[in-house]
Amino acid sequence: AKITYKYDVVQADINLGADIVNTAQATSNEDDTGPVHYDVPIVKTPELLLIKEGRVFDNAVLTVVDADQKIESANDYVQYTLTARNEGNTALTNVVISDDRIGLADNDVVTVKVYNSDGTEDLTPPTITTNLNAVSGTVTISTLELGQYAKITYKYDVVQADINLG
């Protein structure tokens, strides 16, 4: 007798990363085949993509984007957006994004939101922690599921020393 069936692989199988092991055995009143195995390897391909964008705002009108996107005076500011996206086939854990501009200003406001692959905000996001200091900052996201992405937005206030450096 030939028996054919299928097993639908689920995301948890890929996240686990272990081979899918299938064991079968045939028995009769007169004989026993003993167990036979067929193992199918799971290939995990974790892939994290990070994109950084910035927009310059004019200090004269702090809500107006600077038309030429050039810093012209102290107190202009740059709004940065970092997007960390899970583009692999498995969940990513302990995702740490660091940037040498996060946390440099006393009034630095860092917002972090996690979005699902369809672009909707994750209303029950993973644990997110920030570590901001005078040298750099990090944002840690406990888990990015398949297709999820995190957007980190913060601003950097330009100071006269930046202008002097050119």
Side-chain angles (χ1 to χ4, degrees), residues 6-22 39-159 161-162:
K6 71 174 188 161
Y7 172 77
D8 292 325
V9 176
V10 295
Q11 188 61 47
D13 294 324
I14 295 172
N15 290 348
L16 185 60
D19 291 352
I20 296 176
V21 177
N22 181 259
D39 299 350
V40 179
I42 293 285
V43 178
K44 286 175 70 168
T45 53
E47 186 176 341
L48 179 62
L49 174 70
L50 183 63
I51 299 169
K52 184 173 187 172
E53 300 170 295
R55 292 174 41 189
V56 177
F57 286 80
D58 187 28
N59 73 340
V61 185
L62 293 178
T63 57
V64 174
V65 175
D66 191 68
D68 64 5
Q69 287 295 286
K70 294 180 182 175
I71 296 170
E72 292 148 352
S73 64
N75 299 322
D76 282 355
Y77 71 91
V78 182
Q79 177 181 296
Y80 290 108
T81 302
L82 296 166
T83 303
R85 180 183 305 270
N86 181 352
E87 298 211 333
N89 72 345
T90 186
L92 300 174
T93 58
N94 196 36
V95 178
V96 179
I97 299 110
S98 58
D99 189 294
D100 62 357
R101 295 287 181 205
I102 295 179
L104 291 180
D106 291 337
N107 62 348
D108 210 3
V109 175
V110 178
T111 59
V112 182
K113 292 185 178 182
V114 175
Y115 297 89
N116 299 310
S117 59
D118 64 2
T120 58
E121 186 175 349
D122 187 347
L123 300 178
T124 56
T127 303
I128 298 169
T129 57
T130 57
N131 179 15
L132 310 177
N133 60 52
V135 178
S136 67
T138 60
V139 174
T140 303
I141 301 163
S142 62
T143 305
L144 278 179
E145 296 295 340
L146 183 67
Q148 280 190 319
Y149 59 98
K151 281 196 174 261
I152 303 155
T153 305
Y154 62 96
K155 75 175 196 165
Y156 173 72
D157 294 316
V158 176
V159 294
D162 296 319

Please assess V43 against T45 for the test side chain to side chain contact (heavy atoms under 4.5 Å, CB included), listing each intermediate value before the final yes or no.
-> CA-CA 6 Å; V43 178; T45 53; 4.0 Å; yes

How far apart are the closest heavy atoms of P41 and D39, and which atoms are they?
-> CD-O, 3.9 Å

Is the shortest heavy-atom distance from the side chain of T140 to the side chain of I128 under 4.5 Å?
-> no

Are any non-hydrogen side-chain atoms of L146 and T90 less than 4.5 angstrom apart?
-> no

Student check: side-chain heavy atoms of N15 and D13 closer than 4.5 Å = no

Distance only, no hydrogens: is a donor on one side chain within 3.5 Å (strictly under) of an acceptor on the other, for Y154 and D99?
-> yes

Does V78 reach the side chain of I71, with side-chain heavy atoms less than 4.5 Å apart?
-> yes

Considering non-hydrogen atoms only, spot the tightest contact between E47 and L92 and give its length.
-> O-CD1, 3.9 Å

List the steps, then state whether side chain to side chain contact (heavy atoms under 4.5 Å, CB included) holds for D122 with T124.
-> CA-CA 5 Å; D122 187 347; T124 56; 3.4 Å; yes

Does a side-chain heavy-atom distance below 4.5 Å link N94 with S142?
-> no

Taking atom types as modelled and ignoring hydrogens, do the side chains of N86 and E145 form a donor-acceptor contact shorter than 3.5 angstrom?
-> no

Just wondering, do T138 and I97 contact through their side chains at under 4.5 Å, heavy atoms?
-> no

Aromatic Y80 / basic K155 pairing, under 6.0 angstrom, 45° off normal = no

Looking at N89 and P46, what are the two nearest heavy atoms and their distance?
-> OD1-N, 4.4 Å

Where do Q69 and R55 come nearest, in terms of heavy atoms and distance?
-> OE1-CA, 3.2 Å

Heavy-atom closest pair (L144 atom, A150 atom, distance to 0.1 Å) is CD2-N, 4.2 Å

Taking atom OH of Y115 and atom NZ of K151, what is their separation to the nearest 0.5 Å?
-> 7.0 Å

Closest non-hydrogen atom pair, L49 against E87 | CD2-OE2, 3.5 Å

Taking the side chain as C-beta and beyond, is there a heavy-atom pair between D76 and D58 under 4.5 Å?
-> yes

Please report the C-alpha distance between Y7 and I20 in whole Å, then the side-chain angles of each, then the deciding distance to 0.1 Å, and finally whether the side chain to side chain contact (heavy atoms under 4.5 Å, CB included) criterion is met.
-> CA-CA 10 Å; Y7 172 77; I20 296 176; 3.8 Å; yes

Would I14 and V9 count as a side chain to side chain contact (heavy atoms under 4.5 Å, CB included) if you check the C-alpha gap in whole Å, the side-chain angles of each, and the deciding distance to 0.1 Å?
-> CA-CA 8 Å; I14 295 172; V9 176; 4.2 Å; yes

Taking everything shown except K52 itself, do over 12 heavy atoms lie less than 6.0 Å from its NZ?
-> yes

Just how far is it from atom CD1 of I51 to atom OH of Y149, taken to the nearest 0.5 Å?
-> 10.5 Å

Do Q79 and T153 come within less than 4.5 Å of each other through their side chains, counting heavy atoms only?
-> yes

Atom pair CD/CD1 of Q148 and I141 - distance to nearest 0.5 Å | 9.5 Å

